[in-house]
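One structure below.
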Amino acid sequence: MSTTQQIAEDFETFGVCLDDNKLLHRCLELCTQYSIDGESLAACWISFASSNGYDSLTLDYLEHFERDQLAKEKKTNTKNMKNLRMYDTSTLDLLPDNNLDDEEDLLATYGSTRTPQTKKRQLTPDSGVTKRHVGSARSISAQFSPATLSPSVATPSRKYSSRTNAGCIVATYGDPSKASWKANPDFTPKVKLLAMGGDKPLTKTYKYMFEKVRDAAEALDDSIDALAEQIKDSLGIEEFSHLKVASNENILVVGRICCDSVGRLNAASVLLEGSQETSFGNTVPVDLSQLSEYSLFPGQIVGIRGLNTTGDKIIAKELVPGKLLPPCTVPITITNDTGPIQVVVASGPFTTTENLLYEPLTDLLTDLHKDPPHLLILFGPFLDAAHPLIVNNELGETHDAVFNRCIRIITSTLENSVTQVILVPSNRDVCTPMVYPTPPYEVGGNITCVSDPALLDIEGVVVALTATDTLFHLGKEEISFPPQGPDRLGRLTRHLLKQQNLYPLYPGPEGICIDQEQAEIYARLPYNPHLLILPSDLRYFIRDLENCVVLNPERLAKGLVGGTYAKLELHPPKHEKTMVGSVNAQIIKV
């Protein structure tokens, strides 16, 4: 049963702060009334708020949510359950004829109904294609809404166009008052793609449906051994103890956190799985009751100091949650003569759920056309697989046609400027392989396409980035004590740095396919980055953690409304091995 404290933590995972006791108790009542937990309630609210353009949670909005979402879902489920009929050997003759509406019966059984099929408008491509010069906002918008698009795809969003907070600065970092926000047109920063866990970066597609279970297990085992060696060196010990060896003295063991069942991890279901080298792959339960604080998630590699008097359970006394890597030794070459490097970061989706006009992307490109930065980093998805028009098959043109139009307009808008465009793919995009690590987009021209995740060298500044919502996935699986611990977002980010991995969660959630062999090569960090970019559905933030500046620009489009993007200004470093204190940043409403 959920409590108000748990509900507050579940909503905080989605970036919603509940500090009103009336709201908390009302949410608790809804959980009890509709037999759901706080996490499900928070997830439903986020979806409902995005569809209705609610930026905050109030009692009135909560009543609207209950009336239009929870109550209707409960009524529908109750009705479907009443329509179900159980058959036995004496009533087999009452089964419906297989030739009569079998599909409707099956859909009704699973609580759904057939969607009426509407006749789609047939589109005829134009025989001649002419190029347009991109200059004003109107011309950019016109390219995203050609006359051939159907009304369902090209109807402007009233909710988005009626927003009043466009251009508002919602978060800052450093000293933006001293920032110029003007790119030196005579300076072109050098950008290089760096290798991560292997010898070279991921630059092309790979066969991702042929991974053997044994190969995946070996990759997972190697990751334990690699981090265990670093933990051992930092603690100054010669070797770790075997998980199953009984001892009346404190021992130090290492392994991966697992759950003893199929459900979500909790304090009573924690297992520690050792590697073949240290413990022959054995697992042992972990008792967390004597720890004053902890933060754990499935897949986390940790060292545990404690007692194992019987060989069957470790009573944890101390946790070693990984190890920070040293910074890169390559010197940072930004100078005062060339001026600071201007960077703009935005993450998809780039269009609202009402249409495919890409109005948020149009507004962003219009601003960048007037004041182009040195670098524009765009994270996918460009065509989200969860977009309603994609789900309902109402597009009227190919997926590649929509994607290529986006790329063409981005290129033409910035072709005569100093801006270098970097595209980061997302496994949510229908135009990319739905696997992690995700190979780069196949786009020609002057656009730089990198994989997800990727490691960049911008004039010596090491930038780690990933389009996969690692923070959100970790937030759903992590357990911590005290339950309402401080700085949740900072704690989740530190996991990535101390695990030296941009996706340390194992197993991953449904809907994401992780190739463990490739992740061991292309998702591990070789050193602590200067800048870490983690686009997420969680609330936007920019801050410094462990000598690293961490940025979550959130999404450019959120349901029916516009989202945020970020502007960064990279100055010559004040300290030799960190960019902390040398970055100015703003997170801005589109």
Side-chain angles (χ1 to χ4, degrees), residues 14-15 44-57 61 64-65 68-69 118 120-121 123 134 136-168 170 346-369 378-397 399 401-403 405-410 413 426 428-431 535 537 540 553-565 587-590:
F14 293 88
C44 288
W45 162 255
I46 291 298
S47 175
F48 182 79
S50 297
S51 301
N52 290 273
Y54 292 158
D55 294 330
S56 60
L57 180 58
Y61 291 165
H64 182 200
F65 168 61
D68 283 20
Q69 184 83 16
T118 57
K120 295 182 175 60
R121 179 180 176 182
L123 304 180
V134 180
S136 64
R138 183 175 181 180
S139 61
I140 298 176
S141 178
Q143 292 186 81
F144 278 112
S145 54
T148 55
L149 291 183
S150 62
S152 63
V153 177
T155 302
S157 171
R158 293 183 180 180
K159 192 75 177 178
Y160 177 79
S161 59
S162 63
R163 71 196 190 285
T164 58
N165 57 0
C168 291
V170 294
S347 176
F350 295 101
T351 186
T352 63
T353 54
E354 281 186 302
N355 56 47
L356 286 177
L357 292 180
Y358 289 86
E359 294 163 290
L361 182 57
T362 298
D363 290 339
L364 175 63
L365 291 176
T366 302
D367 290 340
L368 299 185
H369 183 76
L378 297 176
F379 294 81
F382 283 88
L383 192 56
D384 193 351
H387 194 287
L389 294 175
I390 303 297
V391 174
N392 297 326
N393 196 23
E394 298 177 3
L395 200 55
E397 58 183 334
H399 299 155
V402 178
F403 175 74
R405 184 166 65 248
C406 289
I407 302 303
R408 184 177 66 250
I409 295 170
I410 293 169
T413 303
S426 168
R428 290 171 49 184
D429 203 317
V430 296
C431 299
D537 290 331
Y540 51 79
E554 215 172 304
R555 309 290 184 184
L556 197 66
K558 299 181 65 177
L560 298 176
V561 297
T564 54
Y565 67 96
I587 297 179
I588 306 168
K589 286 282 188 180
V590 67

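For this chain, numbers begin at 1 and follow the sequence in order. Only this structure's heavy atoms are used, side chains among them; waters, hydrogens and symmetry mates stay out.
Summarising the geometry of Leu383 relative to Leu356, their closest heavy-atom pair is CD1-CD2, 3.9 Å, with the distance given to 0.1 Å. For the residue pair Tyr565 and Lys589, the shortest heavy atom distance occurs at CE2-O, 4.3 Å. For the pair Arg158 and Ser161, the tightest heavy-atom approach, listed with the atom from each and the gap, is O-OG, 3.2 Å. Of all heavy-atom pairs spanning Pro535 and Ser347, the tightest one is CB-OG, 3.4 Å.
The CD1 atom of Ile390 lies 12.5 Å from the OG1 atom of Thr353; values are rounded to the nearest 0.5 Å. The CD1 atom of Ile46 sits 8.5 Å away from atom CG of Asp537, with the distance rounded to the nearest 0.5 Å. Leu364 CG to Leu378 CG: the interatomic distance, rounded to the nearest 0.5 Å, is 7.0 Å. Interatomic distance, CG of Leu361 versus CD1 of Ile409, reported as 8.0 Å (0.5 Å rounding). Distance OG1/Thr564 to NZ/Lys558: 7.0 Å, rounded to 0.5 Å. With rounding to the nearest 0.5 Å, the separation of SG in Cys168 from CD1 in Ile587 is 14.0 Å.
For Tyr358 (side chain) and Phe382 (main-chain N/O), a donor-acceptor pair under 3.5 Å exists by modelled atom type. Between the side chain of Asn392 and the backbone N or O of Glu394, no donor-acceptor pair lies under 3.5 Å. With hydrogens and angles ignored, the 3.5 Å screen pairs no side-chain donor or acceptor of Asp384 with any backbone N or O of Pro349. When atom types are taken as modelled, the side chain of His399 and the backbone of Cys431 share no donor-acceptor pair closer than 3.5 angstrom. A donor-acceptor pair is defined here as one N or O able to donate and one able to accept, closer than 3.5 Å; such a pair exists between the side chain of His387 and the backbone of Thr352.
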For Arg405 and Glu397, what are the C-alpha separation, side-chain angles and deciding distance, and is it a side chain to side chain contact (heavy atoms under 4.5 Å, CB included)?
-> CA-CA 11 Å; Arg405 184 166 65 248; Glu397 58 183 334; 3.2 Å; yes
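Between Trp45 and Tyr61, the two ring planes are parallel [angle under 30°; tilted spans 30° to 60°].
Judged purely by distance below 3.5 Å, without hydrogens or angles, the side chains of Glu354 and Ser157 pair a donor atom with an acceptor atom.
Looking at Leu395 and Val402, their side chains come closer than 4.5 Å, going by heavy atoms from C-beta outward.
Phe350 pairs with exactly one of Leu556, Leu365, Ile410, Thr362 by the side-chain contact (heavy atoms from CB on, under 4.5 Å) rule, that one being Leu556.
Stacking of Arg163 on the aromatic ring of Tyr160 is recorded, both the 6.0 Å distance cut-off and the 45° axial limit being met.
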